[in-house]
Novice: 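To start, I am sharing the structure in question, which I have written as structure tokens.
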Amino acid sequence: IERWLGEETFRKGIIQYLRENEWKNATAANLWSALSDVSGKDVEGTLGNFITKPGVPLVTVEFVDNKQLRLTQKRFMNYGTAAPDTILWQIPVALKYSDGKETKEISFVMSKPEEVITLESTGELEWLFPNVSAAGYYRWSVPDDILANLAENSQKYLDTQERIGLLRNLSALLDAGEISGGNYLKTLNSFANDSEPVVIDNLMSGLGKVKGAFAPDDLKKEFAAYVNRMLKPALDR
């Protein structure tokens, strides 16, 4: 929400909330009202959605053509979980992308089950990341080729926080059955050469998930060899 409104606007809203409710009891609605007042945006409709409704959304990105994207939202659920999927969130979404010449960002509030957006691009889209700064409160999914490109060039395209966000989102997609085990392992392997220890730490957490799900006792040696190969670049550094 702070990223959507801007740091200074968010700060002004917090100050207004504190001044209006000094030495009083306050509710969440008082905070949302103050943030809406200073920003001119429907913070109550957006933030209230996340606070009062269960779960978290999954935003799926598909390409209509080189300049248009189709985004759909549904409730994110772990594989095998049954729950009503009738919730409609108002999601502040921020994407960044590149046509090979420059990197651009686009932000908007997704309030429908499906929306089509147009990118400002002068050439063929080189890459796209659907959660700038990993600040959005949503899980996300992109086509396999886009995910592979992001992972293989993550240090070039993404900052440290976004790379961590990608790995954690990937782990959630595995839990939901939204990505295959093979694709999960392939994507993890692309981060083996990352220079940031905190990214490698998240990679190791991913390997722990793999060990529990895919490595029974009779495959311990093979899995150990796999882990050694993957982590060797980090160990050498």
Side-chain angles (χ1 to χ4, degrees), residues 1-6 9-10 13-14 17 26-64 68-97 105-119 128-144 146-147 150 161-162 164-180 183-184 187 206 209 213:
I1 297 296
E2 181 188 40
R3 191 187 185 287
W4 171 43
L5 302 181
T9 299
F10 186 83
I14 296 296
Y17 162 76
T27 66
N30 297 129
L31 173 60
W32 301 335
S33 177
L35 290 170
S36 295
D37 284 347
V38 300
S39 68
K41 297 180 178 179
D42 182 18
V43 177
E44 183 171 1
T46 302
L47 187 54
N49 243 324
F50 287 100
I51 298 298
T52 61
K53 295 180 179 179
V56 62
L58 169 65
V59 176
T60 300
V61 181
E62 300 172 306
F63 285 82
V64 178
Q68 285 193 315
L69 303 175
R70 178 182 292 107
L71 280 72
T72 56
Q73 63 160 293
K74 66 178 182 179
R75 183 175 176 180
F76 174 86
M77 289 182 284
N78 286 337
Y79 185 77
T81 301
D85 188 20
T86 57
I87 298 173
L88 183 64
W89 285 271
Q90 295 184 41
I91 313 167
V93 174
L95 314 173
K96 74 175 184 178
Y97 60 96
E105 294 185 11
I106 181 171
S107 301
F108 58 95
V109 175
M110 184 179 182
S111 57
K112 301 175 183 178
E114 178 180 306
E115 296 191 23
V116 175
I117 62 168
T118 300
L119 305 176
L128 177 141
F129 184 69
N131 193 353
V132 178
S133 300
Y137 191 67
Y138 52 89
R139 297 298 185 190
W140 53 267
S141 176
V142 294
D144 288 347
I146 297 296
L147 177 61
L150 281 175
Q161 188 167 319
E162 290 167 341
I164 294 170
L166 192 157
L167 284 169
R168 292 181 177 176
N169 186 77
L170 190 72
S171 178
L173 293 181
L174 184 68
D175 289 339
E178 295 283 342
I179 187 173
S180 69
N183 199 14
Y184 179 75
T187 308
K209 179 187 291 284

Novice: Within a strict 4.5 Å, meaning less than it, do heavy atoms of the D42 and E44 side chains meet?
Specialist: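 A side-chain contact under 4.5 Å exists here.
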
Novice: Specify the closest pair of heavy atoms between G48 and W32, including all atoms of both residues, with the distance to one decimal.
Specialist: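 So the two residues come closest at CA-CH2, 3.6 Å.
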
Novice: In the structure I gave you, are the side-chain heavy atoms of I87 and P54 within less than 4.5 Å of one another anywhere?
Specialist: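 When only atoms from C-beta onward are counted, P54 and I87 do touch, with a gap below 4.5 Å.
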
Novice: Among T60, V59, L58, D175, which residue satisfies the side chain to side chain contact (heavy atoms under 4.5 Å, CB included) criterion with R139?
Specialist: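 Of the listed options, the one satisfying the test is L58.
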
Novice: Heavy atoms, side chains only, cut-off 4.5 Å: are S33 and Y17 in contact?
Specialist: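 In short, these two side chains do not touch, never coming nearer than 4.5 Å.
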
Novice: Check whether any side-chain heavy atom of Y97 sits under 4.5 Å from a side-chain heavy atom of I106, and report yes or no.
Specialist: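 Y97 reaches I106 side chain to side chain.
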
Novice: Give a yes or no answer on whether the side chain of N49 reaches the backbone of T46 with a donor-acceptor pair at less than 3.5 Å.
Specialist: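 Judged by distance alone, no pair lies under 3.5 Å.
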
Novice: Nearest 0.5 Å, what's the CG-CG distance between L173 and L166?
Specialist: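 Here the interatomic distance stands at 9.0 Å.
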
Novice: At their closest point, which heavy atom of G45 faces which heavy atom of Q90, and how far apart are they?
Specialist: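 Heavy atoms only, the tightest pair is O-NE2, 3.5 Å.
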
Novice: Does the S36 side chain pair with the main chain of K41, one donor and one acceptor, at a distance under 3.5 Å?
Specialist: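 Indeed, once roles are kept as given, a pair shorter than 3.5 Å links the two residues.
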
Novice: Quick check: closest heavy atoms across F50 and P92, and the distance to 0.1 Å?
Specialist: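 Result for this residue pair: CE1-CD, 4.3 Å.
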
Novice: Might you work through the side-chain contact (heavy atoms from CB on, under 4.5 Å) test for V43 and W4, ending with a clear yes or no?
Specialist: CA-CA 10 Å; V43 177; W4 171 43; 4.2 Å; yes

Novice: Show which side-chain atoms of residues 128-137 pair as donor or acceptor with protein atoms under 3.5 Å away, not counting sequence neighbours.
Specialist:
from : atom 1 : to   : atom 2 : distance (Å)
N131 : OD1    : A135 : N      : 3.3
N131 : OD1    : G136 : N      : 2.7
N131 : ND2    : G136 : O      : 3.4

Novice: Please find the pair of heavy atoms, one from L35 and one from G13, that lie closest to each other, and give the distance.
Specialist: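 Heavy atoms of L35 and G13 come nearest at CD2-CA, 3.8 Å.
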
Novice: Evaluate side-chain contact (heavy atoms from CB on, under 4.5 Å) for M110 paired with Y138, printing each intermediate quantity in order.
Specialist: CA-CA 11 Å; M110 184 179 182; Y138 52 89; over 6 Å; no

Novice: Looking at every non-hydrogen atom in both residues, tell me the closest pair between F63 and P143 and how far apart they are.
Specialist: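 For F63 versus P143, the nearest heavy atoms are CD1-CG, 4.1 Å.
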
Novice: Show the numbers, then the answer: is there a side-chain contact (heavy atoms from CB on, under 4.5 Å) between V93 and I117?
Specialist: CA-CA 11 Å; V93 174; I117 62 168; over 6 Å; no

Novice: If you count heavy atoms of other groups shown closer than 6.0 angstrom to NZ of K112, is the number above 12?
Specialist: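 No, the 6.0 Å shell around NZ holds no more than 12 heavy atoms from other groups.
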
Novice: Does F10 reach the side chain of S39, with side-chain heavy atoms less than 4.5 Å apart?
Specialist: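 No. Closest side-chain heavy atoms not under 4.5 Å.
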
Novice: Roughly how far, to the nearest 0.5 Å, is CZ of F108 from CD1 of I91?
Specialist: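 These two atoms lie 9.0 Å from each other.
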
Novice: Work out which heavy atom in S111 is nearest to a heavy atom in L88; give both atom names and the distance.
Specialist: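 Of all heavy-atom pairs spanning S111 and L88, the closest is O-CD2, 3.3 Å.
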
Novice: Before you tell me yes or no, could you show the steps for L170 and L147 under side-chain contact (heavy atoms from CB on, under 4.5 Å), namely the whole-Å CA-CA distance, both residues' side-chain angles and the distance that decides it to 0.1 Å?
Specialist: CA-CA 10 Å; L170 190 72; L147 177 61; 3.9 Å; yes

Novice: Between CD1 of I179 and OG of S171, what distance do you get to the nearest 0.5 Å?
Specialist: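 If we round to the nearest 0.5 Å, I179:CD1 and S171:OG are 10.5 Å apart.
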
Novice: Strictly by salt bridge (Lys or Arg N to Asp or Glu O under 4.0 Å), give each pair with a member in residues 68-82 just once, sequence neighbours left out.
Specialist: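 Residue pairs with at least one partner in residues 68-82: R70-E114, K74-E178.
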
Novice: Can you check whether L31 reaches I14 side chain to side chain, under 4.5 Å on heavy atoms?
Specialist: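 They are in contact (side-chain heavy atoms under 4.5 Å apart), so the answer is yes.
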
